[in-house]
Amino acid sequence: MNRLRLPLLVLSAWLLAGLSVYEMTAKSPLLTGQTLPGWWATAQAERDTRWRPRTGVLPVDKLMHEGEEAARFYATLVGSRSWFHARPQ
């Protein structure tokens with residue numbers, strides 16, 4: 001278990017940082033009064049991601065939803081949207 005602790009901690013930190021950057025970009029008009037670069041990709045990710053509660057536990061469902069939006073945001077920025085369009089909605 002000790003061998004997994006550090007990699008899991010590093011992975012968690014990266015995921016939290018990625019989600020935080022996405023959220024800051026998405027909320028930039030409210031936080032800064034202007035849109036940050038890439039805001040258009042957050043708007044597109046929010047438009048393309050439907051709310052589908054999968055577990056029935058609101059905090060878990062919200063985290064999964066925001067994670068999916070963040071993944072779509074980063075995929076849009078790098079131009080790799082085909083993976084999301086291939087999945088059934």
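A quick note: this is a predicted structure, and the numbers were derived from the prediction, not measured.
- Note: Thr55 OG1 to Leu63 CG = 10.0 Å, rounded to the nearest 0.5 Å.
- Distance check: Gln34 CD to Trp39 CH2 gives 13.0 Å after rounding to the nearest 0.5 Å.
- By the 4.5 Å heavy-atom criterion applied to side chains, Trp40 and Thr76 are counted as neighbours.
- Nearest heavy atom pair, residue Leu19 against residue Ala70, reads CD1-CB, 3.9 Å.
- Remark: the backbone N or O of Gly18 is paired with a side-chain donor or acceptor of Tyr74 at under 3.5 angstrom.
- The structure places CD of Glu69 at 13.0 Å from CE of Met64, a figure rounded to the nearest 0.5 Å.
- Put simply, CG on Leu36 and CE on Met24 are 7.0 Å apart, with the number rounded to the nearest 0.5 Å.
- For the atom pair CG (Leu8) and CG (Leu15), the distance works out to 10.5 Å, reported to the nearest 0.5 Å.
- The local environment of CH2 in Trp14 is sparse, with at most 12 non-hydrogen atoms from other residues, nucleotides or ligands closer than 6.0 Å.
- Nearest heavy atoms, Arg54 versus Asp61: N-OD1, 3.1 Å.
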Kindly indicate, with the supporting measurements, whether the criterion side chain to side chain contact (heavy atoms under 4.5 Å, CB included) is fulfilled by Phe73 and Glu46.
-> CA-CA 9 Å; Phe73 163 72; Glu46 288 180 3; over 6 Å; no

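- A salt bridge (Lys or Arg N to Asp or Glu O under 4.0 Å) check over residues 16-29, counting only residues at least two apart or in different chains, returns the pairs Glu23-Lys27.
- To the nearest 0.5 angstrom, Thr42 atom OG1 is 10.5 Å from Arg47 atom CZ.
- Between Trp51 and His65, the two ring planes are perpendicular [angle over 60°; tilted spans 30° to 60°].
- Both Leu77 and Val21 sit in one connected hydrophobic cluster of ILVMFWY residues. Membership requires side-chain heavy atoms under 4.5 Å apart, directly or through other members.
- The existence of a salt bridge linking Glu68 and Arg50 is excluded, since no basic side-chain nitrogen approaches an acidic carboxylate oxygen closer than 4.0 Å.
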